[in-house]
Number of protein chains: 2
Amino acid sequence: MTADPAARRGIPDATVARLPEYLRALSSLAGQGIGSVSSEELAAASGVRSAKLRKDLSHLGSYGVRGVGYDVDLLAAEISRELGLTQDRSVAIIGMGNLGRALAAYSGFVTKGFRIVALVDDDPAVVGDTVAGITVRALDDLDRLAAEGLSIGVITTPAHSAQLVCDRLVTAGVHAILNFAPCVLAVPDEVDVRKVDLSTELQILAFHEQRKALASGLGLEEVAP
Amino acid sequence: MTADPAARRGIPDATVARLPEYLRALSSLAGQGIGSVSSEELAAASGVRSAKLRKDLSHLGSYGVRGVGYDVDLLAAEISRELGLTQDRSVAIIGMGNLGRALAAYSGFVTKGFRIVALVDDDPAVVGDTVAGITVRALDDLDRLAAEGLSIGVITTPAHSAQLVCDRLVTAGVHAILNFAPCVLAVPDEVDVRKVDLSTELQILAFHEQRKALASGLGLEEVAP
DNA sequence: AGGTCTTTGTGAACGTGCGCACAAAGTCGC
DNA sequence: GCGACTTTGTGCGCACGTTCACAAAGACCT
């Protein structure tokens, strides 16, 4: 059983997390008119080692040609299919603060198979405004949106509202949430939550900065010659 | 040698990545007037298992009391110290598009020991504008900023400008970069780069959505009773 | 057609991270 | 003061991810 040619049923999470980067690198190459790449070249363009790239790609089948490399268009199509980008997915952004508005105006991910179908806010003073060509709707409209096939919810509210909004998304049937609010969200097992937090990122950078400063400042310098 | 009480010289990366979350949970608890927590409670507030939390905390020393738990303020201070947040770090944001402006206006990370000291853009039409109370400066001012002790650079430019900006930051002596542009940056080994990309996050969510849809739609449903 | 050369795909070794389960250590009640 | 109880800190086993090194497989030249 599972005589599946691509040996699916389990692409490692670490690999999935890198596939978008490979896809971007491939798009860039295609835009330059390049039709074929070696694992070495594609790995360099993606910021990984070639062995890791080859092992990642091997999880979705054997699409390279030994002695030549990978066909750019074919591989891009294959990764897109694997990531589920062949069908458009509808996205709602909840929370029309600075970040929510910036994301609404960001055109970068519209091109990748994602479509912003709704902007939502709970402030009556904001509801009805037009942001990036879309009219802001009220929180109560979430149920109707979900019924229309909403796929992903993006939460850009303050932390104290995030769990409430999250609960309403889950109740409405949304199974994928991208959370920009600085808090942990409680969700049922079948719901995927990914978190993006720039404060966290800055703190991680600060840690490494301090580590480097300490290492060069004391204790690890060479013995005087 | 290394009879260091805290047994430092190597906190795992995975642990470092979670410390900010613990810190945020502790701040929240402190705000509620709670002075002591068990690993079980703090883990729940941070979205991890208690065993993982205890192992993480053990890497920075023994600050808990058996039978009681952790002192909220003490532990928060200890994590802050470990992350290097005791000294303020200055941050520059380069790229005054929608995202750059949103980050500049975001007050969330000012409270955490980070200070935005400069906003930068290469468009002469934008230089001189005031965003979030700060005057936008030209790209050429980066060297001067770095000389004043700039610690972290945040890149919010389009992808095609990111490498150029990155190079100037590195030349100016910045060792920590947070990259929001959808591209890989080439930097020397001594420079840390962290990348945040919402398109990537959406694609990862899309993958899991598709996987769930396939699993429930075909092949994995139960045998008819 | 055969040999050489390039590049993929992968088996094996290695390191890291995670969770369990428990001993050590301290508190609280009496 | 002592015993029971609670909670931390950690040793161990397992699974996952990464890297190395090489055999298999095809292209290209002659």
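Residue numbers start from 1 in every chain, and the chains themselves are labelled A, B, ... in the order their sequence lines are given, proteins ahead of strands. Note that the structure is a prediction, hence the values are computed from the model and not measured.
- Picking from dT19(D), dT8(C), dG17(D) the nucleotide with the shortest atom distance to the side chain of S38(A) gives dT8(C).
- As rounded to whole Å, 16 Å separates atom P of dG26(C) from atom OH of Y63(B).
- Within the 4.5 Å cutoff, the side chain of L75(B) has heavy atoms near those of the L42(B) side chain.
- The shortest distance between side-chain heavy atoms of V120(A) and I93(A) does not fall below 4.5 Å.
- Across the protein-nucleic acid pair, L53(B) atom CG and dT8(D) atom P stand 8 Å apart, rounded to whole Å.
- Summarising the geometry, the separation between CZ on R49(B) and C1' on dG17(C) is reported as 16 Å, rounded to the nearest angstrom.
- Between S36(A) and Y70(A) there is no side-chain heavy-atom pair separated by less than 4.5 Å.
- In this structure, the CD atom of E40(B) is 13 Å from the P atom of dG19(C), given to the nearest Å.
- In this structure, of dT7(C), dA23(C), dA27(D), it is dA27(D) that holds the atom nearest to the side chain of V68(A).
- Atom P of nucleotide dT7(D) and atom CG of L42(B) are separated by 14 Å, given to the nearest angstrom.
- R81(B) and T86(B) are not linked by any side-chain donor-acceptor pair at a separation below 3.5 angstrom, with hydrogens and angles left out of the test.
- Distance D56(B) CG to dG19(C) P: 10 Å, rounded to the nearest Å.
- For S58(B), whose side chain is taken as the heavy atoms from C-beta onward, the closest listed nucleotide among dG9(D), dC18(C), dG9(C) is dG9(D).
- The distance from atom CZ of R18(A) to atom P of dT19(D) is 8 Å, rounded to the nearest whole Å.
- Here S39(B) does not reach the OP1 or OP2 of dT7(D): none of its side-chain N or O atoms lies under 4.0 Å away.
- For the pair Y63(B)/D71(B), no side-chain contact is recorded, criterion being any heavy-atom separation below 4.5 Å from C-beta on.
- Separating the NE2 atom of H59(A) from the C1' atom of dG11(C) is a distance of 13 Å, rounded to the nearest angstrom.
- Nearest-nucleotide mapping onto DNA chain D: of T15(A) and R54(A), the residue sitting toward the 5' end is T15(A).
- For A14(B), taking side-chain heavy atoms from C-beta onward, the closest of the listed nucleotides dA21(C), dC18(C), dT18(D) is dC18(C).
- Residue order along DNA chain D, read from the 5' end via each residue's closest nucleotide, puts V37(B) first among D13(A) and V37(B).
- Counting distance only, with no hydrogens placed and no angle test, the side-chain atoms of K55(A) and the base atoms of dG17(D) include no donor-acceptor pair under 3.5 Å.
- The shortest distance between the side-chain N/O atoms of Y70(B) and the OP1/OP2 oxygens of dG26(C) is not below 4.0 Å.
- Minimum atom distance to the side chain of R66(A) is reached by dT7(C), of the listed dG9(D), dG17(C), dT7(C).
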